[in-house]
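Each remark here refers to the structure printed beneath this line.
Owing to the predicted nature of the structure, the values given are computational and were not obtained by experimental measurement. Because only heavy atoms are used, hydrogens play no part in the values below, and waters and symmetry mates are left out as well, while side chains stay in.
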Amino acid sequence: MGKNQQGQSEPTTNARPQIFVNIEAEFKIFLRSLEGAIDLDKTSGNKVISRKADFFLAKENAILEIKTINSDRYKSFESWINKKISDPNEIKKGMPVVFGTINFNQIYESHRNKKLFDRQLDIHASRTLEGYIRDAKYQIYETKKSIQDNSALGILVILNEGYEFYETWFVYRMIQDMLRSIKKYKPYLAIDGVLYINESRFKRNIIDVVFIHESNNLDDLTPNEFLEYLHTKWAEYRGYSNTESGG
């Protein structure tokens with residue numbers, strides 16, 4: 001798997017990973033096998049907090065929160081677009097007047113304000129991702145306070161086992177925008193990096209693994225070394241072959 005110009009991983013044509021029934025459960029088993037890994041869900045004592053991340057890797061001084069995509073925004077798209085085309089305010093903003101049955105491409109091409117419509121589509125499609133970022137930033141922050149180490153890396157891992165709707169290029173773009181917004185407005189809640197593992201097309205031997213940061217300057221990003229380590233270990237555990245990460 002090699003990098004393309006967008007920085008994401010290109011598919012590995014000869015990757016034939018073993019099939020897992022539950023990729024999140026398997027990913028957590030994988031993390032527990034790493035040296036110095038602490039499963040915070042199984043931790044007891046006075047340092048336990050209600051809003052905490054999933055794992056702390058003591059050797060790498062990294063906090064990990066894991067989210068798994070388990071729903072498809074595409075299923076809600078039809079009702080969403082039907083509301084838009086029947087809303088007089090949306091028509092004023094550029095939505096075409098629709099009579100009878102019309103496909104989405106015709107609606108899109110007829111919209112008089114495509115910049116606005118593109119943004120509306122992005123917001124609708126990325127609500128699941130937005131929820132992951134919103135929760136993870138607080139879980140990582142509270143965990144840093146609990147272990148009393150603000151220097152620990154805060155990493156979000158997003159796993160996608162079966163939803164092709166969440167294409168890698170789209171997730172990369174939307175997540176990066178969210179990370180930049182946090183860095184600008186609430187830097188104390190900043191997430192150091194996101195590892196997106198997209199196996200939604202693994203039956204066709206296509207697997208994407210991408211690192212996402214708020215910055216496009218990858219030369220001086222400390223989290224990259226850890227993300228590369230995590231990706232390499234997971235690739236070995238998962239059974240990928242000849243993979244390279246993208247970032």
Side-chain angles (χ1 to χ4, degrees), residues 3-11 67 69-138 156 158-160 162-198 200-201 206 208-219 221 223 246-247:
K3 298 177 189 175
N4 62 21
Q5 291 182 349
Q6 285 71 42
Q8 74 183 53
S9 306
E10 292 187 346
K67 304 292 185 186
I69 294 175
N70 53 22
S71 64
D72 197 335
R73 294 297 300 171
Y74 184 79
K75 293 179 180 179
S76 67
F77 181 76
E78 185 176 356
S79 61
W80 178 83
I81 197 66
N82 284 337
K83 289 179 181 178
K84 290 288 184 184
I85 62 178
S86 61
D87 186 339
N89 290 325
E90 291 297 328
I91 294 173
K92 291 178 182 179
K93 295 176 183 177
M95 182 67 71
V97 177
V98 176
F99 298 98
T101 302
I102 184 173
N103 65 43
F104 172 74
N105 287 337
Q106 291 174 298
I107 294 173
Y108 182 83
E109 293 301 327
S110 301
H111 202 288
R112 300 188 307 279
N113 189 342
K114 286 189 174 56
K115 185 176 181 179
L116 171 65
F117 197 33
D118 284 341
R119 183 58 183 161
Q120 290 175 330
L121 289 168
D122 280 350
I123 291 172
H124 175 74
S126 64
R127 283 178 182 169
T128 296
L129 302 175
E130 186 179 19
Y132 293 161
I133 292 290
R134 182 178 58 249
D135 292 344
K137 67 185 181 184
Y138 286 108
L156 170 62
I158 300 178
L159 305 172
N160 181 8
Y163 296 95
E164 293 190 29
F165 177 79
Y166 293 95
E167 295 184 71
T168 303
W169 66 267
F170 173 76
V171 172
Y172 189 104
R173 178 167 62 86
M174 298 308 299
I175 291 290
Q176 187 175 65
D177 285 347
M178 295 173 197
L179 297 181
R180 286 173 174 169
S181 179
I182 297 171
K183 187 77 172 181
K184 181 177 180 179
Y185 296 107
K186 292 186 177 180
Y188 67 97
L189 292 176
I191 297 173
D192 294 302
V194 176
L195 180 65
Y196 180 50
I197 300 175
N198 183 3
S200 63
R201 299 179 294 168
I206 299 173
D208 291 333
V209 179
V210 65
F211 309 160
I212 310 172
H213 310 277
E214 53 86 18
S215 172
N216 284 326
N217 180 9
L218 302 182
D219 293 334
L221 290 177

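- For Asn113, the side chain to side chain donor-acceptor pair (under 3.5 Å) criterion is met by no residue, not counting sequence neighbours.
- The only member of Asp208, Asp177, Ile212 that meets side-chain contact (heavy atoms from CB on, under 4.5 Å) when paired with Tyr172 is Ile212.
- Contact of the Tyr166 side chain with the Thr128 side chain is registered, since non-hydrogen atoms from C-beta on lie closer than 4.5 Å.
- Taking Arg134 as the reference, nothing meets the salt bridge (Lys or Arg N to Asp or Glu O under 4.0 Å) condition, with sequence neighbours excluded.
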Hey, can you pull the donor-acceptor pairs under 3.5 Å for the side chains in residues 181-192, sequence neighbours left out?
residue : atom : partner : partner atom : Å
Asp192  : OD2  : Gly154  : N            : 2.6

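- Residues satisfying the side chain to side chain contact (heavy atoms under 4.5 Å, CB included) test with Arg112, not counting sequence neighbours, are none.
- Legend: residues meeting salt bridge (Lys or Arg N to Asp or Glu O under 4.0 Å) with Asp122, ordered by chain and number and at least two apart, are Arg173.
- Taking Asn70 as the reference, Tyr132 meet the side chain to side chain contact (heavy atoms under 4.5 Å, CB included) condition, with sequence neighbours excluded.
- Here Ile69 contributes atom CD1 and Ile158 contributes atom CD1; the two are 6.5 Å apart, rounded to the nearest 0.5 Å.
- Listed by chain and residue number, Glu65 satisfy the salt bridge (Lys or Arg N to Asp or Glu O under 4.0 Å) test with Lys67 (two or more places apart in sequence, or in another chain).
- Here the rule is side-chain contact (heavy atoms from CB on, under 4.5 Å) with Leu156, and of Leu179, Leu195, Val194, Asp135 only Val194 fits it.
- For Glu167, the side chain to side chain contact (heavy atoms under 4.5 Å, CB included) criterion is met by Trp169, not counting sequence neighbours.
- Tyr196 and Asn160 share a donor-acceptor pair across their side chains, judged by distance under 3.5 Å alone.
- The nearest pair of heavy atoms linking Glu109 to Lys114 is O-NZ, 3.0 Å.
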Side chains of residues 85-98: which donor-acceptor pairs under 3.5 Å do they make with residues two or more places apart or in other chains?
residue : atom : partner : partner atom : Å
Ser86   : OG   : Asn82   : O            : 3.0
Ser86   : OG   : Lys83   : O            : 3.2
Asp87   : OD1  : Asn89   : N            : 2.9
Glu90   : OE1  : Gln120  : NE2          : 3.1
Glu90   : OE2  : Lys84   : NZ           : 3.2

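- Taking both residues in full, the closest heavy atoms of Ser126 and Met174 are given as OG-CE, 3.5 Å, listed atom of the first, atom of the second, then distance.
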